[in-house]
There are 2 protein chains.
Amino acid sequence: MKNSGMDITTLSALAETNRMNIVQLLRDGPLSVGEIADRLGLRQPQASKHLKVLSDSGIVEVRIDANRRIYTLRSEPFQAMDIWLQSFRHMTEERLDNLDHYLRELQNKEKP
Amino acid sequence: MKNSGMDITTLSALAETNRMNIVQLLRDGPLSVGEIADRLGLRQPQASKHLKVLSDSGIVEVRIDANRRIYTLRSEPFQAMDIWLQSFRHMTEERLDNLDHYLRELQNKEKP
DNA sequence: TTATAATATTCCTTGACGAGAATATTCCTT
DNA sequence: AAGGAATATTCTCGTCAAGGAATATTATAA
């Protein structure tokens, strides 16, 4: 359900409090649905639903262990986010490329 | 509208195609509303609305230049995402901590 | 095989969000 | 001051996602 490169579904999956909490929880290791629901004060159906969203977006993978389903974080989406973020790193260099912006705005003003 | 630390509003602001496109556009430098709308094939009102969302979440800041409003990417949210992502880096080390998981699952099985 | 634990799924209702169209606002220009 | 350009705001409508409650599914254990 995921190739490489940042997908918007990754972001929208994480852009919900409960799912974000689940992800933070799973940082420390795999957990079953029941454990997740317990620790986050969720009802089991809601936990399952959120886990499905996370699973569909490739953030999480499931392993069947008897009655339980053990959910684990996948690393790929986070690596993809990381790579994507690299294209924004130059911003930290606080405008050493001011010339570019200056020229750009000149163009805008000359447009009409 | 933003302190430090990853905020979920950052993610939900980015989790929309048009806003993501705007952000990608602004990577190359500040732009006015009209420019953004033109290049992305958006109508001006929609562009303004999306820019408001981005602005409210602190992803973007605005500078008034005569009739125009020039929107610029802010670096803080991306730095925050970056820091947040660091807590997931250990995943890349593909399970050298398997012992931890093993013990954890043992505990789960002994629970009932 | 039946009862039970763990999890998934469905149905329903409600609230949020995005697009479209129209209008309001602000500022420049003449 | 008036007209026009650039941008923001409002309203409505349709869609979609989330929570709640009930139920279905699957697998274990007795």
Side-chain angles (χ1 to χ4, degrees), chain A residues 1 8-23 25-26 30-57 59-72 104-112, chain B residues 1 8-23 25-26 30-57 59-72 104-112:
Chain A
M1 300 260 166
I8 254 195
T9 68
T10 303
L11 292 177
S12 60
L14 292 174
E16 202 273 338
T17 313
N18 294 301
R19 287 195 292 266
M20 175 58 85
N21 289 335
I22 291 178
V23 167
L25 240 192
L26 291 181
L31 284 176
S32 70
V33 177
E35 284 275 354
I36 295 172
D38 281 355
R39 303 205 191 179
L40 297 181
L42 296 177
R43 299 167 206 272
Q44 175 269 317
Q46 320 300 332
S48 281
K49 286 186 215 172
H50 285 304
L51 284 166
K52 177 165 176 45
V53 176
L54 289 172
S55 175
D56 286 348
S57 72
I59 294 178
V60 130
E61 72 185 11
V62 62
R63 174 169 50 86
I64 298 186
D65 174 60
N67 246 353
R68 319 266 175 94
R69 317 270 169 119
I70 311 295
Y71 282 88
T72 313
R104 188 185 277 263
E105 289 173 32
L106 271 191
Q107 279 190 334
N108 289 344
K109 282 194 175 173
E110 285 167 0
K111 198 178 181 185
Chain B
M1 300 262 166
I8 252 192
T9 68
T10 302
L11 292 177
S12 59
L14 292 174
E16 201 274 338
T17 313
N18 295 300
R19 287 194 293 266
M20 175 58 85
N21 289 336
I22 291 178
V23 167
L25 240 193
L26 292 181
L31 284 177
S32 70
V33 178
E35 285 274 355
I36 295 172
D38 282 354
R39 303 204 193 181
L40 298 181
L42 296 177
R43 299 167 207 271
Q44 175 269 317
Q46 320 300 331
S48 282
K49 287 186 215 172
H50 285 304
L51 283 166
K52 176 164 177 45
V53 175
L54 290 172
S55 175
D56 286 349
S57 73
I59 294 178
V60 130
E61 73 186 10
V62 62
R63 173 170 49 88
I64 297 186
D65 174 59
N67 246 351
R68 318 264 174 96
R69 317 270 170 119
I70 310 294
Y71 283 87
T72 313
R104 188 184 277 264
E105 288 172 34
L106 270 191
Q107 280 190 334
N108 290 344
K109 283 194 174 173
E110 286 167 359
K111 199 178 182 185

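First the proteins, then the strands, lettered A, B, ... as listed; each starts at 1.
Of all heavy-atom pairs spanning Ala13(B) and Ser57(B), the tightest one is CB-OG, 3.5 Å. Of all heavy-atom pairs spanning Ile70(A) and Ser32(A), the tightest one is CD1-CB, 4.0 Å.
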Tell me, what's DNA chain C's dot-bracket, Watson-Crick or G-U with both distances under 3.5 Å, | for other-strand, [ ] crossing? ||||||||||||||||||||||||||||||
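To the nearest 0.5 angstrom, Gln46(A) atom CD is 8.5 Å from Asn18(A) atom CG. To the nearest 0.5 Å, atoms CG (Leu11(A)) and CD1 (Ile8(A)) are separated by 6.5 Å. If you take OG on Ser55(A) and CD on Glu61(A), they are separated by 9.0 Å, rounding to the nearest 0.5 Å. Atom CG in Leu14(B) sits 12.0 Å away from atom OG1 in Thr10(A) (nearest 0.5 Å). How far CG of Leu26(A) is from CG of Leu51(A): 7.5 Å, rounded to the nearest 0.5 Å.
Taking atom CZ on Arg68(B) and atom P on dG4(D), their separation rounds to 18 Å, with Å as the unit. In this structure, Ile70(A) places its CD1 atom 19 Å from P of dT26(D), rounding to the nearest Å. The separation between Ile8(A) atom CD1 and dG18(C) atom C1' is 13 Å, rounded to whole Å. Following rounding to the nearest Å, Asp56(B) (CG) and dG18(C) (P) show an atom-to-atom distance of 12 Å. Straight-line distance from the CG atom of Leu51(B) to the P atom of dA8(D): 7 Å, rounded to whole Å.
Contact between the side-chain N/O atoms of Tyr71(B) and the OP1/OP2 oxygens of dA6(D) is not found at any separation under 4.0 Å.
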Letter by letter from the 5' end, nucleotides 10-19 of chain D scores (B base, S sugar-phosphate only, - none; protein heavy atoms under 4.0 Å) B-------SB
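In this structure, the side chain to side chain donor-acceptor pair (under 3.5 Å) partners of Ser48(A), at least two apart in sequence or on a different chain, are Gln44(A). In this structure, the side chain to side chain donor-acceptor pair (under 3.5 Å) partners of Arg19(A), at least two apart in sequence or on a different chain, are His50(A). Under the rule for a side chain to side chain contact (heavy atoms under 4.5 Å, CB included), the partners of Asn21(B) that lie at least two apart in sequence or sit in another chain are Thr17(B), Leu40(B).
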Please tabulate the protein-to-nucleotide N/O contacts below 3.5 Å involving nucleotides 27-30 of chain D, giving atom names and distances.
| residue | atom | partner | partner atom | Å |
| --- | --- | --- | --- | --- |
| dA27(D) | O4' | Asn67(A) | OD1 | 3.3 |

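Taking 3.5 Å as the limit, the base of dA6(D) and the side chain of Gln44(B) contain no donor-acceptor pair of atoms between them.
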